Amino acid sequence: MRLVCIASGAGTRWGALEDDGIRLAPSAWGPIEPNLADVYETCAQLAKIPLDASLLSARRLAPVPNPPQLIGIGLNYRDHAIESGLPIPLAPITFALFTTSIIGSGETIIIPPGSIKVDWEAELGVVIGREGRNIPVESAMDHVAGYVVLNDVSEREIQSAEGQWGRAKSFDTFKPMGPWLVTCDEVPEPGNLTIELRVNGAVKQSSSTRELIFGVPELVNRLSAYTTLKPGTVISTGTPPGVGQSRTPPEFLRAGDEVSVTVERVGTIINPVVTVGG
Ligand code: ZN
């Protein structure tokens, strides 16, 4: 099932997207994140709700707009570690991201005033369903609700100058996510998905999640060894080769660009780029 969030008045509603309509969750169910704790029971209840075709034209938001945790993983593709001139990590490189940076597909990435090195990173996002701590690899997938497509937009000057990555990757609008949450039953092999990023139609990144150093079960296992993973937590699993700063010559996003990210079986997000304040 594909779960979407849509704009409704001043707030948000969520539901299940089908080809000819949306099954809208009752407002009494609250935000989407807690309802991912038993995602298949949630899907079964949604399936009983009539389709509303008029909602297909509603503006879509990020499918998990307020995750309790937004966790970044660095250098998790073998080829990307090599192109960055850095050793293959022995453990997942983890950093915290601000959830206020999340936007949906179609929304605008804003280049901060004075920034000239804003870069792209295509990533598979894992959404936690069932809460857990010290989750074994063998049962890790029982805790995953599904997947989203992410663009881990990064301000490279700040990233390299500050020695930590959180601020450089957490500017408002820097985390496009979408276009929906696809439940795990539709993605039987998360470790075998093509992943691609284009800028103005030109392919910049093209790889497969086969190249992940730490796959989805390993990430859930290792992260949960020290932090409780909550329903709705999003893990951005890292990016393959082809980021702008590693290209010859380096390339960065500019006002007027359009950047798209596609993950096989999950979907495509498309975001225009603008600049403000010079
Ligand atoms: Zn990243």
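In listed order, ligands and their atoms are each counted from 1. Just so you know, these numbers come straight off a predicted model, no measurement behind them. For the single chain, residues carry numbers from 1 onward in sequence order.
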Open item on the list: Between Gln159 and Glu155, does the side-chain hydrogen bond (donor to acceptor under 3.5 Å, both in side chains) criterion hold? Intermediate values first, please.
Closed with: CA-CA 6 Å; Gln159 185 179 354; Glu155 213 287 7; over 6 Å; no
Show me the side-chain donor-acceptor pairs of residues 137-145 shorter than 3.5 Å, one per line, residues at least two apart or across chains.
from, atom 1, to, atom 2, distance (Å)
His143, ND1, Arg130, O, 2.9
His143, ND1, Glu131, O, 3.4

Task: Proximal protein heteroatoms (N, O or S) of the Zn ion (ligand 1), under 2.8 Å - done: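 The answer is Glu121 OE1, Glu123 OE2, Asp152 OD2.
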Open item on the list: Could you check whether any side-chain N or O of Glu186 sits under 3.5 Å from a backbone N or O of Met1, counting only pairs where one atom can act as donor and the other as acceptor?
Closed with: yes
Task: Ser160 (side chain) donor-acceptor with Glu157 (main chain) under 3.5 angstrom - done: yes
TODO: Test Ile102 against every option in Leu61, Leu70, Leu150 by the side-chain contact (heavy atoms from CB on, under 4.5 Å) rule and name the one that passes.
DONE: Leu70
- [ ] Tell me, yes or no, whether the heavy-atom count around Arg133 atom CZ, taken from other residues, nucleotides or ligands under 6.0 Å, exceeds 12.
- [x]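 Enclosed: over 12 neighbouring heavy atoms sit under 6.0 Å from CZ of Arg133.
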